[in-house]
Amino acid sequence: MAPLVEYSSSSDGEEGDGALVTRGGRLAAKPGKKGGAPASATFSSTDGEAVQQQQQQSSSSMPPLPSEFHDLYAATVRQSTVDDPSLHQGRKRQVPHIVGQWPSHVYIEWRPNHEQHATLTRLLAKVQDGLHSEVELHQFMTSDLGAPLPLHVSLSRPLSLPTAEKDDYLRRISASLGSGAVRPFAVRPRRLAWFTSPDSNRSFLVLGVAATGDSDRGDSDDDISNAPLMELLRKSNEVAARYDQPLLYQDGTMATVAPTAFHVSIAWTFARPGQDLHRATTLANDDMVGRSALDEVMGWRIVVDSVKVKIGNVVTSVALSGQVPGHDKTRFLFDEA
């Protein structure tokens, strides 16, 4: 079988022509082999930073990858066949793993860009500064390897689908959410708060979100209707109920759903909501850096043009029908000219 990449016959311990070596804290080009003339160019740390900046600018000019590419790698590597909290910072699986049952979730995905990621990181640092030293805040934005992660707005509880039902569920939820009843829309963050899930023993630091028309009217909860989110939730819960799955934000009637319930979780802790946690968010609001970061976050506009349905480790993107509001079509890397 032919190798995917052809390598030279040099051993792994040999550097090729033009390899960079360190000399007295500076980077210098190593002389070429086979009698080649030694490279005379040397590079200071400033030169290295300039090269790195040039590479970043070059990569930023590349067209973005299509969202379907990220869906292929949405699942993390499974580390154990049993629930082992020691592998997950003490967290316990909300839905126990059972052979023949498929953990599932319906949600809106948001991938913060580089600037947004940096702003959220500054904000979380200020919240952590306001917590007691024994309270640890775990963020959702970066993997253990330092890679940026997507955030999400949930439209379902954690579900567990039998093998015999998962394909039919996917067909029904895709048809319901993609029927055109909800057109693409946008949301804005509206507040930083703590949220306790009935499914978990953790407290979540969240950004409450509201549809742009609602969030422009003011901060009063009475002004928030979140019509598009409420409709997506209704459709998701209807399909979940058909398969005897738990419903999100309700116990059986839509009247129990608060339009202000929708949120993006950005961090979590085992501490319970109380004076200490609320004090930390208050200090972040009062701090100049924290206030600046929070003001920037509240000005963001997040376009929602699809809903994700994850069953096991497979993610299906269900597009909302219609023109994305205020958003020109982006040409992706693999689009035809």
Side-chain angles (χ1 to χ4, degrees), residues 67 104-112 116 150-159 169-170 172-195 197-199 204 206-243 245-266 294 297-310 316-329:
S67 59
S104 306
H105 188 211
V106 183
Y107 58 95
I108 294 167
E109 186 175 83
W110 170 39
R111 291 184 174 273
Q116 291 171 335
L151 303 174
H152 68 266
V153 179
S154 287
L155 293 175
S156 80
R157 294 269 291 275
L159 310 178
Y169 170 86
L170 177 60
R172 290 186 181 276
I173 192 70
S174 298
S176 180
L177 296 177
S179 63
V182 178
R183 299 174 65 82
F185 60 100
V187 299
R188 291 185 188 273
R190 59 182 301 269
R191 66 172 56 170
L192 181 68
W194 293 97
F195 173 78
S197 169
D199 303 316
F204 297 87
V206 306
L207 293 172
V209 296
T212 50
D214 291 337
S215 60
D216 293 340
R217 296 185 190 129
D219 295 329
S220 173
D221 289 350
D222 295 335
D223 296 330
I224 303 299
S225 66
N226 259 336
L229 287 173
M230 291 287 283
E231 181 63 10
L232 290 175
L233 176 66
R234 184 186 68 80
K235 289 176 172 291
S236 177
N237 276 341
E238 280 184 350
V239 178
R242 187 182 184 95
Y243 295 89
Q245 295 293 319
L247 310 183
L248 180 63
Y249 301 141
Q250 67 178 101
D251 298 322
T253 64
M254 285 298 292
T256 61
V257 181
T260 55
F262 300 97
H263 61 269
V264 176
S265 296
I266 58 176
L294 189 58
V297 170
M298 296 305 153
W300 292 343
R301 182 174 178 273
I302 304 167
V303 172
V304 179
D305 58 4
S306 65
V307 175
K308 306 286 186 177
V309 181
K310 183 176 182 180
T316 300
S317 182
V318 181
L320 301 181
S321 301
Q323 180 65 35
V324 177
H327 180 73
D328 295 332
K329 176 175 173 58

Side chain proximity check, Ile173 to Val318, heavy atoms < 4.5 angstrom: no

Backbone of Ala319 reached by a side-chain donor or acceptor of Ser306 within 3.5 Å: no

CH2-CZ distance between Trp300 and Arg188, expressed to the nearest 0.5 angstrom: 12.5 Å

Ser317 side chain near Glu109 side chain, heavy-atom distance below 4.5 Å: no

Side-chain heavy atoms of Tyr107 within contact of Lys310, under 4.5 Å: yes

Listed partners of Ser321 passing side-chain contact (heavy atoms from CB on, under 4.5 Å), at least two apart: none

Side-chain heavy-atom pair Lys308, His105 within 4.5 angstrom cut-off: no

Within-4.5 Å side-chain heavy-atom neighbours: Met230 and Val257: yes

Donor-acceptor contact below 3.5 Å, side chain Ser236 vs main chain Leu232: no

Salt bridge (Lys or Arg N to Asp or Glu O under 4.0 Å) partners for Arg172, two or more places apart: Asp168

Nearest-0.5 Å distance, CG of residue Asn237 to OG of residue Ser156: 8.0 Å

Contact check, side chains of Pro246 and Leu159, non-hydrogen atoms, under 4.5 Å: yes

Basic-acidic side-chain contact under 4.0 Å: Arg234, Glu238: yes

Value rounded to 0.5 Å, distance of CD in Gln245 from OG in Ser104: 7.5 Å

Minimum side-chain heavy-atom gap Phe185-Leu320 below 4.5 Å: yes

Distance (rounded to the nearest 0.5 Å) between Glu231 CD and Ser176 OG: 8.0 Å

Pairwise distance CG(Leu207) to CG(Leu192) - rounded to 0.5 angstrom: 6.0 Å

Worked verdict on Tyr169 versus Val309 for side chain to side chain contact (heavy atoms under 4.5 Å, CB included): CA-CA 10 Å; Tyr169 170 86; Val309 181; 4.2 Å; yes

Non-neighbouring partners of Ile302 that pass side-chain contact (heavy atoms from CB on, under 4.5 Å), sequence neighbours left out: Trp110, Val187, Pro189

Counterpart residues, side-chain contact (heavy atoms from CB on, under 4.5 Å), relative to His263 (two or more places apart): Phe195, Val206, Tyr249, Ser265

Donor-acceptor contact present, side-chain Asn226 to main-chain Ala211, <3.5 Å: yes

Residues in side-chain contact (heavy atoms from CB on, under 4.5 Å) contact with Thr260, at least two apart in sequence or another chain: Arg190, Asp221, Ile224, Ala258

Non-hydrogen side-chain atoms of His152 and Val264 separated by less than 4.5 Å: no

Steps toward side chain to side chain contact (heavy atoms under 4.5 Å, CB included) verdict (Leu233, Leu248): CA-CA 8 Å; Leu233 176 66; Leu248 180 63; 3.8 Å; yes

